[in-house]
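One structure is given here, and the rest of the page talks about it.
A note on names: the letters A, B, ... follow the listed sequences, proteins ahead of strands, and every chain is numbered from 1.
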There are 2 protein chains.
Amino acid sequence: MAEDAPRRQPTLDEVAERAGVSRSVASRALNNAPHVSRAKREAVERAVRQLGYVPNPTARALATRQTGAAALVVSGEDPSIFADPFFAQVIVGASAALEEADLHLMLCLAASDRGRKRVAELLRSRGADGAMLMALREDDPLTRVTEEAQMPVVFGGRPVGTTPRWYVDVDNVGGARKATEHLLSRGLTRVAAICGRLDTEAGRARYRGYRDAMLAAGLDPFPPQEGDFTEPSGAAAMAALLVNHPDVEGVFAAGDNMAVGALRTLRKAGRQVPADVAVVGFDDLTVARIADPPLTTVHQPIEALGREMARMLVALVNGQDPTALILPTRLVVRSSA
Amino acid sequence: MAEDAPRRQPTLDEVAERAGVSRSVASRALNNAPHVSRAKREAVERAVRQLGYVPNPTARALATRQTGAAALVVSGEDPSIFADPFFAQVIVGASAALEEADLHLMLCLAASDRGRKRVAELLRSRGADGAMLMALREDDPLTRVTEEAQMPVVFGGRPVGTTPRWYVDVDNVGGARKATEHLLSRGLTRVAAICGRLDTEAGRARYRGYRDAMLAAGLDPFPPQEGDFTEPSGAAAMAALLVNHPDVEGVFAAGDNMAVGALRTLRKAGRQVPADVAVVGFDDLTVARIADPPLTTVHQPIEALGREMARMLVALVNGQDPTALILPTRLVVRSSA
DNA sequence: GAGTGCACTGGGAGCGCTCCCACTGGAAGC
DNA sequence: GCTTCCAGTGGGAGCGCTCCCAGTGCACTC
């Protein structure tokens with residue numbers, strides 16, 4: 001390819017000439033616009049086929065002021081947070097919805113300062129028709145960038161602090177409450193919480209749900225035992241919990257990865273799950289199903305999250321005014337609690 | 001945003017006018033090109049700041065015939081294969097390398113016919129400056145599309161059948177051989193292989209490596225017990241193996257997910273790992289470390305795979321002629337073998 | 001018969017940028 | 001003193017498309 005004869009791609013003018021029509025007619029024929037006679041439409045189609053014509057998306061973009069692409073921005077210092085299968089599922093959902101609208105997906109992993117700068121430029125330069133932002137932490141520098149964005153922006157999960165106009169979130173509070181209630185309903189009272197990063201809204205909301213359920217049952221909530229949503233952090237948090245509260249009977253972990261880490265620590269400590277300590281997770285990742293024992297967890301519709309974000313963005317791009325969305329969560333009972 | 005006063009973005013002409021220079025000078029100043037006096041350069045910079053000017057990437061793309069984006073195409077019938085954390089790591093690597101070259105990442109999940117058609121159009125229309133293709137299976141319809149691509153194409157992993165000019169792959173044969181040799185070195189002789197899809201080159205190559213090692217040791221290789229790289233398929237394959245070869249002593253699984261599935265089946269069957277049956281995986285995913293017992297596996301540099309693909313593509317885009325690359329694998333000994 | 005409407009047509013002006021090229025004037029070379 | 005050179009400059013022609021609009025013919029009214 002690199003060294004190939006650089007035979008220029010045919011242009012619309014050439015198609016028009018070959019079809020014996022004007023450029024305007026050819027353009028209309030290509031876009032299925034009205035005001036083209038059947039004969040000319042067919043002539044254009046023939047010329048397109050003969051010449052192997054493919055419209056130049058860049059030129060089209062310049063003329064229409066529409067890039068045909070939507071950006072998905074994943075913020076975070078550490079690019080490895082992206083390794084969380086959570087994002088892969090969001091992408092699958094978003095990609096499917098964008099495909100329906102014939103938009104391409106630009107994926108921006110904004111980890112470094114340079115990366116964030118590029119995202120900022122993309123947002124300000126109309127390098128895409130719209131953007132979806134995920135995983136904004138407190139004081140995330142990208143939050144400010146969205147203010148000067150020259151395109152609609154949809155948030156995946158609410159950022160900490162402000163509530164944007166357009167977002168799709170999951171019912172974190174309700175899910176955490178259900179999880180905790182499930183533990184309490186089995187007669188347990190010493191139920192602790194391993195929570196995610198408290199500088200994320202998901203981390204806070206899930207702890208809030210846990211606390212609500214505890215208070216409603218007339219119990220003292222444990223102080224938050226903070227992790228960062230990873231397996232090792234869950235293992236560490238569980239270890240700390242066993243030291244400080246050796247009599248703990250139940251644990252709500254605000255993420256499956258952390259729950260699996262807790263399981264590992266418990267096994268190492270010789271505690272039976274769920275007999276000695278019951279564990280409930282959050283997310284319902286693949287790992288929940290294959291954990292040992294299989295994890296009781298709160299299912300959140302991750303793919304739907306991505307899909308709805310993309311749909312909302314498409315609506316905005318089309319000039320509609322959708323409303324923010326909170327997707328339901330539900331408890332999936334397996335063996336760990 | 002959607003309803004905002006549509007105050008047009010300032011253009012380069014306006015910047016030039018404000019700075020009291022011509023458009024050419026302004027353009028050169030912006031691109032750090034030579035032939036601009038210090039005074040005018042500063043005047044342009046000032047005007048840019050005052051106007052909040054951001055260059056329009058689409059217009060630039062049209063003029064330069066460079067889109068500033070590279071596509072990463074993940075092929076596959078089922079979008080859920082993308083949920084494999086493997087791809088996330090590839091993306092992290094590719095994203096980092098593209099960022100260095102100031103290219104954006106377009107992610108194309110070509111699952112449906114429609115998706116594939118869009119990818120084909122992207123490749124033929126120069127909708128990106130180059131493309132990286134992953135996970136091409138035998139007879140994948142996208143293989144043909146690359147022939148008429150109007151841009152350089154780099155393959156991640158070799159497709160089945162042909163060997164493209166530019167690809168980055170991992171030493172699958174060598175890795176599988178090392179894994180098998182490790183099992184044999186412990187005196188085991190009845191060593192079976194759970195292999196991945198045999199319509200992928202990775203699946204085939206890894207089985208080949210296993211077979212080579214068995215033959216070299218004067219042993220009869222087991223016939224391939226095929227899985228599809230997922231955990232359940234590994235569990236099922238292990239179950240089948242236990243039925244057909246109850247005396248099996250060691251298993252080489254061509255993927256960590258399948259290895260973890262095998263572990264699950266073995267535990268259910270009451271077989272101790274590694275005492276009764278030793279297991280070696282392939283990939284060194286996160287799950288290998290947290291598996292019970294921790295998985296001995298073949299580490300492959302997945303992030304590097306993505307990074308090198310992107311670097312190779314960047315080189316091609318810049319008119320250089322890089323050579324194909326095969327990245328090394330190494331055995332990581334943990335407890336399962 | 002002139003008047004009205006409408007499906008169709010093609011010319012031309014952008015979209016906002018890059019880059020070629022012709023031009024200037026002052027420094028350097030002879 | 002007169003060329004030669006070259007950093008610096010701005011005009012203008014694209015890049016390949018969309019879309020407005022004025023213009024054409026033809027059917028159909030009154």
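- Considering only side-chain N and O atoms, B:S24 lies nowhere under 4.0 angstrom from the phosphate OP1 or OP2 of D:dT9.
- The pair A:R165-A:D321 meets the salt-bridge criterion, since a charged nitrogen lies less than 4.0 angstrom from a carboxylate oxygen.
- Distance B:N31 CG to C:dC19 P: 7 Å, rounded to the nearest Å.
- Side-chain N/O atoms of B:S37 include one lying less than 4.0 angstrom from OP1 or OP2 on D:dT9.
- Atom NE2 in A:H35 sits about 19 Å away from atom P in D:dG25, given to the nearest Å.
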Show your working on side chain to side chain donor-acceptor pair (under 3.5 Å) between A:R126 and B:Q9 and close with a plain yes or no. CA-CA 9 Å; A:R126 290 208 37 82; B:Q9 290 269 95; over 6 Å; no

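- For A:R23, counting side-chain heavy atoms from C-beta on, the closest listed nucleotide (C:dG12, C:dT18, D:dC15) is C:dG12.
- Neither OP1 nor OP2 of D:dG8 sits under 4.0 Å from any side-chain N or O of B:K40.
- Distance CZ (A:R60) to P (C:dG16): 18 Å, rounded to an integer number of Å.
- Rounding to whole angstrom units, CZ of residue B:R126 and C1' of D:dC17 are separated by 16 Å.
- The phosphate of C:dC8 has neither OP1 nor OP2 within less than 4.0 Å of any side-chain N or O from A:R28.
- Residue A:T11 places no side-chain N or O under 4.0 Å from the OP1 or OP2 atom of D:dG16.
- Atom-to-atom, CG of A:D13 to C1' of D:dG14 comes out at 12 Å; the value is rounded to the nearest Å.
- At the phosphate of D:dC17, neither OP1 nor OP2 sits under 4.0 Å from any side-chain N or O atom of A:R65.
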Would A:D140 and A:R137 satisfy salt bridge (charged side-chain N to carboxylate O under 4.0 Å, His left out), going step by step from the backbone distance to the final call? CA-CA 5 Å; A:D140 196 305; A:R137 293 212 302 265; 5.9 Å; no

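- In this structure, the CG atom of B:L62 is 11 Å from the P atom of C:dT18, given to the nearest Å.
- Distance from the side chain of B:T64 is smallest to C:dC19 among D:dG10, C:dC19, D:dG16.
- Under 4.0 angstrom from either OP1 or OP2 of D:dC15 there lies no side-chain N or O belonging to A:N56.
- A residue-by-residue look at B:A63 and B:V25 shows that B:V25 has its nearest nucleotide of DNA chain D further toward the 5' end.
- To the nearest angstrom, P of D:dG10 lies 13 Å from CD of B:E17.
- The pair B:R38-B:E42 counts as a salt bridge, with a side-chain nitrogen and a carboxylate oxygen less than 4.0 angstrom apart.
- The separation between B:R41 atom CZ and D:dG10 atom P is 14 Å, rounded to whole Å.
- The pair A:E308-A:R311 meets the salt-bridge criterion, with a side-chain N (NZ, NE, NH1 or NH2) lying under 4.0 Å from an Asp/Glu carboxylate O.
- Backbone-only engagement by A:P55 is indicated by non-hydrogen atom pairs under 4.0 Å involving sugar-phosphate atoms exclusively.
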